Amino acid sequence: MFNIIVCAKQVPDTNETKINPETGSLIRDGVPSILNPDDANALEEALKLKDTDPENIHVTVVSMGPPQAQDMLFECIAMGADEAVLLSDRAVGGSDTWATSNAITAVIKKLPFDMIFSGRQAIDGDTAQVGPQIAEKLNLPQVTYVQKFEIAPDKKSVKVQRQLEDGYEVIEAPIPCMLTCTKELNTPRYMNMAGIFNPDKKITVWNAKDVEVDLTTVGLKASPTNVFKSFTPKPKGKGTMLDGDTEKDIAQKLVGSLKKKHVI
């Protein structure tokens, strides 16, 4: 059996997120939670591999969060994952990226794996740190910002395109390895009826004791990161639309407007 682990996170929908102006913290009450978008791409790539050999490829989704994160994991199973594991314990609450990677690493060590996929970053933090930290703690080769993926027929290596600001680079890595995925990699599938009503697929909930994680390395007190301030940027002024019969007319209006404002 070829085992794939996908690291996924339940995050607040940032289109609905608001910040308390007095405390600077996120207002989560009434804000819907969703599967982190980049993690959906990671799951899709794992499921595409499973589609090539359904009987011999097993996909497990791993997450850490409150009990309601099971809703997100159920969505992953409905998309096609075989099972899911949730680490839910107050002892790991408030973890920053370093402490979170310690906790998730402890979970993964309890599971069989040949490959690990994760999203490039989570939209509620945008740090892109947890995936690489997990790879380091598991002593695995890693490739970040993956925008194209190929696996060798013998499943002993992968070839990927790693996204750069001005292009990409091609990297080969041995298996097992960790890959963090971008939205350009694929288009995530929808949930399906077979996945929704499959009684053989399950979500396992573990606590810190179950995964034998060192409690001095997880949670708020163990987290070296401190958030000084969160705030909503001030909205920009309303733009002005210029129209005209020709591009020359529009350009003349633009120049006239800039001169009035003493920009030119």
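Numbers for residues simply follow the sequence, beginning at 1. Every value quoted in this text rests on a predicted model; they were computed, and no experiment measured them.
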[X]: side-chain hydrogen bond (donor to acceptor under 3.5 Å, both in side chains) partners, not counting sequence neighbours:
| X | result |
| --- | --- |
| Thr225 | Asp96 |
| Lys110 | Glu212 |
| Thr144 | Arg162 |
| Lys201 | none |

* If you count the non-hydrogen atoms of other residues, nucleotides and ligands that lie under 6.0 Å from CG in Asp245, is the total more than 12? ->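 No - once you tally the heavy atoms of other residues, nucleotides and ligands closer than 6.0 Å, there are 12 at most.
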* Quick check: are there more than 12 heavy atoms from other residues, nucleotides or ligands sitting under 6.0 Å from NZ of Lys137? ->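 Check passes, neighbour count above 12.
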* Identified side chain to side chain donor-acceptor pair (under 3.5 Å) counterpart of Asn41 within the set Asn36, Thr187, Asn186, Thr180 ->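 When side chain to side chain donor-acceptor pair (under 3.5 Å) is applied between Asn41 and each of Asn36, Thr187, Asn186, Thr180, only Asn186 qualifies.
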* Flag the pair Ile175 / Val158 as yes when at least one side-chain heavy-atom distance between them is below 4.5 Å, and no otherwise. =>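 Result yes, sub-4.5 Å side-chain heavy-atom pair found.
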* **Side-chain heavy-atom pair Pro174, Pro141 within 4.5 angstrom cut-off** =>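 The answer is yes, as the side chains (C-beta and beyond) meet within the 4.5 Å cut-off.
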* Asked: How about Phe113 and Phe2: are their ring centroids closer than 6.0 Å?
  ->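 For Phe113 and Phe2, the ring centres are not under 6.0 Å apart.
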* For residues 151-161, which residue pairs qualify under side-chain hydrogen bond (donor to acceptor under 3.5 Å, both in side chains), counting only residues two or more places apart or in two chains? ->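 Listed by first then second residue: Gln147-Gln161.
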* Asked: Is Asn3 reaching over with its side chain to a backbone N or O of Pro112, donor-acceptor style, under 3.5 angstrom?
  ->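 Looks like no, no N/O pair under 3.5 Å.
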* Are any side-chain N or O atoms of Asn192 and backbone N or O atoms of Ala78, one a donor and one an acceptor, separated by less than 3.5 Å? ->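 Present.
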* For Asp71, all residues meeting salt bridge (Lys or Arg N to Asp or Glu O under 4.0 Å), sequence neighbours excluded ->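 By the salt bridge (Lys or Arg N to Asp or Glu O under 4.0 Å) rule, Asp71 matches no residue at all.
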* To do: Take Asp39 and Lys9 through the salt bridge (charged side-chain N to carboxylate O under 4.0 Å, His left out) test and state the conclusion after the steps.
  => CA-CA 7 Å; Asp39 296 342; Lys9 184 179 183 182; over 6 Å; no
* Residue that, paired with Cys76, satisfies side chain to side chain contact (heavy atoms under 4.5 Å, CB included) out of Ile203, Val6, Leu43 ->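 That would be Leu43; it is the only one of Ile203, Val6, Leu43 passing the side chain to side chain contact (heavy atoms under 4.5 Å, CB included) with Cys76.
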